[in-house]
Amino acid sequence: MSILRRCILWGVCLFLAGCTVPGSAAFQDYKQSYDAARAASEQVVDAYNQYDKMDRKRRTDAASFDPDFADVYSPTALSPLSLTIMEGFAAATTFNEVLARYADNNTLSLQQDEIDRLNAASANTATLVAGPGAGGKVSAVIGATQVLANLSLARADRDEFVRNVRDNTATVDTFLAIIRDDTADMYQTARLATALSGGSVDKLETFRSMLADWVLLIDQTRKDLALLQTRVEAGAAGQSGLSLLAESAERIDRHVTDINAAYRALVGVF
């Protein structure tokens with residue numbers, strides 16, 4: 001495993017660790033599928049990061065050092081956009097999982113150690129990225145997830161939990177829509193980097209297929225988000241979320257399998 005990969009996994013594990021609350025088999029499958037989806041997104045980031053650094057490197061002066069391009073010179077660092085993608089997608093899918101826990105058993109059942117880990121990670125990651133577009137939304141998505149997770153401790157305060165789901169779901173969905181649209185620029189960056197470096201056209205095509213599967217994964221995440229919001233707001237009177245969780249997990253697993261295969265083919269793009 002590469003140093004970059006270990007660093008990514010370490011950071012995301014800190015952010016997402018502690019999902020130990022028992023649930024139905026359908027929920028456990030759903031959670032495992034989103035664990036795999038986060039890992040698959042890290043693979044997309046890892047592959048893209050190689051192209052992004054190659055593209056940005058051409059804008060540096062070999063005779064000097066520009067601190068704004070420090071990540072280009074570091075073999076293990078993530079580019080700003082790569083970091084944005086990783087942190088935001090991890091938070092957005094965690095938001096979905098909090099909703100899914102509720103849809104599964106109609107209770108707010110996170111444990112204190114989960115909340116403590118999420119709060120600590122949120123304080124660290126919310127300051128890492130800023131700016132327009134996806135970068136400007138990451139802190140809001142992490143904050144929305146943090147608020148929702150903390151509210152899950154107040155198991156009796158269902159009204160406040162539902163109110164925050166209603167208020168924050170649009171923030172999470174907007175972020176997912178932005179990074180979905182950003183895949184067009186990600187591909188163009190990879191295309192330019194390949195042309196400038198004489199890179200593999202076959203690997204570029206593999207990367208495009210990888211992005212396509214990731215877009216489908218994002219689309220599924222957004223569908224889950226909308227349906228889970230409806231289920232949470234309906235409460236006990238609503239239709240069971242178990243069939244949703246099972247069907248979603250199956251689709252997520254298919255996209256993850258394809259992304260994993262593409263990643264194996266893309267190791268060592270440059």
Side-chain angles (χ1 to χ4, degrees), residues 1-12 36-62 65-90 92 125 128-138 175-219 221 255-270:
M1 182 181 291
S2 69
I3 294 175
L4 171 62
R5 181 84 173 125
R6 286 198 296 270
C7 289
I8 294 173
L9 285 173
W10 180 81
V12 173
R38 283 186 284 269
S41 293
E42 294 162 26
Q43 292 178 338
V44 174
V45 167
D46 200 356
Y48 169 72
N49 198 55
Q50 298 176 75
Y51 288 115
D52 191 30
K53 282 189 177 184
M54 179 60 67
D55 178 56
R56 293 171 70 238
K57 189 174 183 179
R58 68 188 175 85
R59 288 178 261 158
T60 64
D61 181 357
F65 175 75
D66 184 346
D68 291 334
F69 285 79
D71 62 286
V72 171
Y73 311 122
S74 171
T76 61
L78 290 173
S79 69
L81 180 56
S82 297
L83 184 62
T84 298
I85 293 167
M86 185 189 75
E87 299 293 354
F89 188 80
T125 59
L128 291 177
V129 288
K137 294 290 183 182
V138 172
F175 171 79
L176 290 169
I178 289 172
I179 62 172
R180 182 189 192 277
D181 291 344
D182 280 348
T183 56
D185 289 337
M186 291 169 70
Y187 176 71
Q188 289 304 319
T189 296
R191 188 169 177 268
L192 181 60
T194 298
L196 291 173
S197 65
S200 168
V201 175
D202 288 341
K203 288 194 173 185
L204 177 62
E205 187 59 31
T206 299
F207 181 65
R208 178 157 63 174
S209 296
M210 183 190 227
L211 286 178
D213 280 300
W214 194 52
V215 166
L216 295 174
L217 183 58
I218 293 170
D219 289 346
T221 304
H255 300 317
V256 166
T257 297
D258 290 340
I259 289 172
N260 290 342
Y263 183 72
R264 288 192 296 271
L266 284 168
V267 170
V269 170
F270 296 114

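Throughout, numbering of the chain's residues begins at 1 and tracks the sequence.
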Inset, instruction - Hey, could you give me the CG/CG distance between L216 and D258, rounded to the nearest 0.5 Å? - result: 9.0 Å
Legend entry - Close side-chain approach of T221 to F89, heavy-atom, < 4.5 Å: yes
Inset, instruction - State the CD1-CZ distance between I259 and R264, to the nearest 0.5 angstrom. - result: 12.0 Å
Inset, instruction - State which residues pass salt bridge (charged side-chain N to carboxylate O under 4.0 Å, His left out) with D71; sequence neighbours excluded, sorted by chain then number. - result: R56
Legend entry - Validation row: Q43, M210 side chains within 4.5 angstrom (heavy atoms): yes
Inset, instruction - Only counting residues at least two apart or in another chain, list the ones meeting salt bridge (charged side-chain N to carboxylate O under 4.0 Å, His left out) with D66. - result: none
Legend entry - Short side-chain to backbone donor-acceptor contact, D213 and N260, under 3.5 Å: no
Legend entry - Distance (rounded to the nearest 0.5 Å) between N49 CG and M186 CE: 9.5 Å
Inset, instruction - Kindly compute the distance separating OG (S82) from OH (Y51), expressed to the nearest 0.5 Å. - result: 13.0 Å
Inset, instruction - Report yes if some heavy atom in the side chain of T60 is under 4.5 Å from a heavy atom in the side chain of F65; otherwise report no. - result: no
Inset, instruction - Looking only at non-hydrogen atoms, find the nearest pair between S200 and T194 and report the distance. - result: O-CG2, 3.8 Å
Inset, instruction - May I ask you to decide if A77's main-chain N or O and K53's side chain share a donor-acceptor pair within less than 3.5 Å? - result: yes
Legend entry - Heavy-atom side-chain contact between M54 and L196 under 4.5 Å: no
Legend entry - Atom pair CZ/CG of R191 and D55 - distance to nearest 0.5 Å: 12.5 Å
Legend entry - Reported CG-to-CG distance for the pair D185 and L192, which is rounded to 0.5 angstrom: 12.0 Å
Legend entry - Any Y263 side-chain heavy atom under 4.5 Å of E42 side chain: no
Inset, instruction - Give me the one residue out of V44, L204, T206 that meets side-chain contact (heavy atoms from CB on, under 4.5 Å) with L266. - result: T206
Inset, instruction - Would you sort out whether W214 and V45 count as a side chain to side chain contact (heavy atoms under 4.5 Å, CB included), showing the intermediate values? - result: CA-CA 11 Å; W214 194 52; V45 167; 5.9 Å; no
Inset, instruction - Report the residues that fulfil ring-ring contact (aromatic ring centres under 6.0 Å, His included) with Y48, sequence neighbours left out, ordered by chain and then residue number. - result: none
